[in-house]
There are 2 protein chains.
Amino acid sequence: MILKSISVDCVIFGFDNQSLKVLLSRQNPEVILNQINQQESWEEVKHLFENHPSFSNNPSWNVIGAHIPSTTDLDAFAREIVENATGMNDVYLQQFHCFGQVNRVPNHRVITIGYYALINPTHHLIRKSVAVKALEWFDPTALPPLAFDHAEIVQKALESLRQEVQYRPIGFHLLPEQFTLTEFQSLYEVILGKKMDTRNFRKKIANMNLLIDTGEKQKNVSHRAAKLYRFDMDVYEQLKREGLKFRIE
Amino acid sequence: MILKSISVDCVIFGFDNQSLKVLLSRQNPEVILNQINQQESWEEVKHLFENHPSFSNNPSWNVIGAHIPSTTDLDAFAREIVENATGMNDVYLQQFHCFGQVNRVPNHRVITIGYYALINPTHHLIRKSVAVKALEWFDPTALPPLAFDHAEIVQKALESLRQEVQYRPIGFHLLPEQFTLTEFQSLYEVILGKKMDTRNFRKKIANMNLLIDTGEKQKNVSHRAAKLYRFDMDVYEQLKREGLKFRIE
DNA sequence: TCAAAAGTGTTTTATCTACACCCATGG
DNA sequence: CCATGGGTGTAGATAAAACACTTTTGA
């Protein structure tokens with residue numbers, strides 16, 4: 001059974017070395033429904049999804065989401081939604097807010113639980129499955145018209161990400177496995193919306209011991225090749241346990 | 001109509017100058033139901049509430065909560081719940097997490113949205129209405145057996161509070177209108193679970209200009225009477241806007 | 001006059017900020 | 001050899017931490 005009053009919306013963020021992007025959809029309800037929830041009675045699900053922002057037939061864009069089946073855990077369902085849209089299932093997912101105004105969706109009382117996801121779009125190509133009518137990256141500060149309260153949802157996701165990124169070293173989830181310090185800094189500049197001093201930034205990062213020099217370098221760049229680093233998961237886990245004295249601002 | 005799959009649980013925190021407390025309930029479902037939702041069909045509501053942790057007949061304690069009617073905004077309903085339990089409606093309320101494991105409540109799929117509230121229990125007496133079978137303050141680190149996943153809910157509320165209190169000056173919501181610097185410090189010590197240096201703490205607070213000297217002093221204390229301060233709401237609002245460089249750790 | 005908590009400054013140490021030039025690479 | 005971004009250190013300012021004694025009050 002699908003729970004009619006509850007949906008999950010996933011604000012999927014990506015970073016392409018220049019800017020932060022958010023993935024929005026215009027979808028084909030019939031196809032994706034078959035796929036997500038084969039055990040459901042078609043009519044019931046169709047009704048629900050047609051009335052849900054993510055599957056509505058109107059021309060506006062939507063945050064990617066769906067109504068949750070009664071047999072799926074909340075976190076697991078968010079993961080399912082992201083995997084369905086992108087083909088990736090090892091993404092960083094964070095529940096950030098539950099939206100519950102009575103009139104956020106016309107004609108239906110739908111409470112939606114918002115998650116944001118961090119993925120690296122350049123290294124994992126988005127799977128444009130048959131289910132997807134349209135799936136595109138947008139600049140979160142210049143969104144197209146969005147369905148219902150989805151602009152608010154993206155806004156709040158962005159705020160939560162900005163908050164979180166300052167105190168937890170989660171930014172690397174938006175980067176490929178190997179990255180340069182400049183990319184790392186640029187990530188923070190883009191998310192926080194301000195320029196930082198290169199030397200000071202590098203000093204701070206170095207003190208945290210979160211990055212490992214891979215010994216490799218960029219190739220085929222028309223300038224001095226930058227060193228490539230990767231994230232040290234052990235230090236990351238340790239920092240998380242110790243209350244993490246990670247701070248970037 | 002009551003939404004059967006969605007409840008709101010409010011973890012109500014209080015501070016009595018020595019320790020942080022959390023308000024838990026054992027309630028009389030029949031009476032409170034009449035009160036909360038007179039327009040509902042009795043049988044439907046009774047069924048729901050009897051199966052909801054906050055209104056179950058088992059002897060364990062519950063976080064104070066209820067199922068949300070389809071006609072009430074989420075935030076407003078949380079406020080209603082707190083007002084119903086305490087008689088206070090100007091409390092600080094913060095949504096902190098949505099709990100959605102399939103089996104968190106046996107036999108029913110109930111997703112619950114968790115809020116925490118900060119109140120000052122010494123100055124606003126908890127109204128023990130007819131609806132309340134039992135309502136008591138507990139040490140959040142030494143809870144009685146709690147229904148379902150309510151221990152986890154309290155735990156997560158506490159973690160969220162600890163997080164939030166360090167970066168936003170919300171602590172004063174737990175204090176009476178006028179308070180001493182020692183009380184203010186003690187509040188932080190209790191929430192964060194560690195002793196702080198008095199002189200350094202006072203320096204920090206003084207730099208923020210968040211407190212106003214009322215000119216008054218404690219009375220009838222058997223030691224030097226401390227100055228009484230109150231919160232400066234204007235500075236508070238300003239700090240909130242400016243991204244608040246408030247930090248206590 | 002005693003007990004109990006209030007109140008107050010200075011020195012040391014760590015962290016943050018501002019700032020400018022040389023280096024490596026491909027075209 | 002030029003354009004482009006990569007990479008580095010130091011000095012001054014600011015904030016954090018450590019630390020002990022005097023004051024006020026009621027009993």
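All chains are named by letter (A, B, ...) in the order of the sequence lines, taking the proteins before the strands, and each is independently numbered beginning at 1.
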Taking salt bridge (Lys or Arg N to Asp or Glu O under 4.0 Å) as the definition, give me every residue that meets it alongside B/Lys195, ordered by chain and number, with sequence neighbours left out. B/Glu189

Any carboxylate oxygen within less than 4.0 angstrom of a Lys/Arg side-chain nitrogen, looking at A/Asp139 and A/Lys21? no

Sorted by chain and residue number, the side-chain contact (heavy atoms from CB on, under 4.5 Å) partners of A/Ala226 (sequence neighbours excluded) come out as A/Thr180, A/Gln218

Holding to side chain to side chain donor-acceptor pair (under 3.5 Å), I want the full list of residues that pass it with A/Arg202, two or more places apart in sequence or in another chain. A/Thr182

Test of understanding: with side-chain contact (heavy atoms from CB on, under 4.5 Å), list the residues that count as partners of B/Ile212, not counting sequence neighbours. B/Arg230, B/Asp232

Check whether B/Asp197 reaches the backbone of B/Asn200 with its side chain - one donor and one acceptor, N or O, closer than 3.5 Å. yes

Give the rounded distance in Å between these two atoms: CG of B/Leu211 and P of C/dA6. 15 Å

Rounded to whole Å, how long is the line connecting atom CD of B/Gln185 with atom C1' of C/dG7? 12 Å

Whole-Å gap separating P (C/dA6) and CD1 (B/Ile205): 15 Å

Set of residues satisfying side chain to side chain donor-acceptor pair (under 3.5 Å) with respect to A/Thr214, sequence neighbours excluded: none

How is B/Thr182 classified with respect to the nucleic acid when contacts are heavy atoms under 4.0 Å: base, sugar-phosphate, or nothing? sugar-phosphate

Contact pattern, 5' to 3', of nucleotides 9-18 of chain C - B, S or - by protein heavy atom under 4.0 Å: BB------BB

Based on the rotation axes of five pairs at each end, what angle does the helix from C/dT1-D/dA27 to C/dC21-D/dG7 bend through, to 10°? 20°

Who pairs with A/Asp234 by side chain to side chain donor-acceptor pair (under 3.5 Å), at least two apart in sequence or on another chain? none

Taking salt bridge (Lys or Arg N to Asp or Glu O under 4.0 Å) as the definition, give me every residue that meets it alongside A/Lys227, ordered by chain and number, with sequence neighbours left out. A/Asp213

Mind checking what makes side chain to side chain donor-acceptor pair (under 3.5 Å) contact with B/Thr198, not counting sequence neighbours? none

Which whole-number value in Å describes the distance from A/Met196 CE to C/dC19 C1'? 18 Å

Rounded to whole Å, how long is the line connecting atom CD of A/Glu216 with atom P of C/dA24? 20 Å

List in chain and number order the residues that pass side-chain contact (heavy atoms from CB on, under 4.5 Å) with B/His97, two or more places apart in sequence or in another chain; answer none if no residue qualifies. A/Gln95, B/Phe99, B/Lys156

Rounding to an integer number of Å, can you tell me how far A/Glu183 CD sits from D/dG7 C1'? 15 Å

Once you round it to whole Å, what is the distance between C1' of D/dG5 and CD of A/Glu189? 13 Å

Write down the distance between CZ (A/Phe179) and C1' (D/dG6), rounded to a whole number of angstrom. 16 Å

Which residues within residues 217-225 of chain A lie with some heavy atom under 4.0 Å of an atom in DNA chain C? A/Val221, A/Ser222, A/His223, A/Arg224, A/Ala225

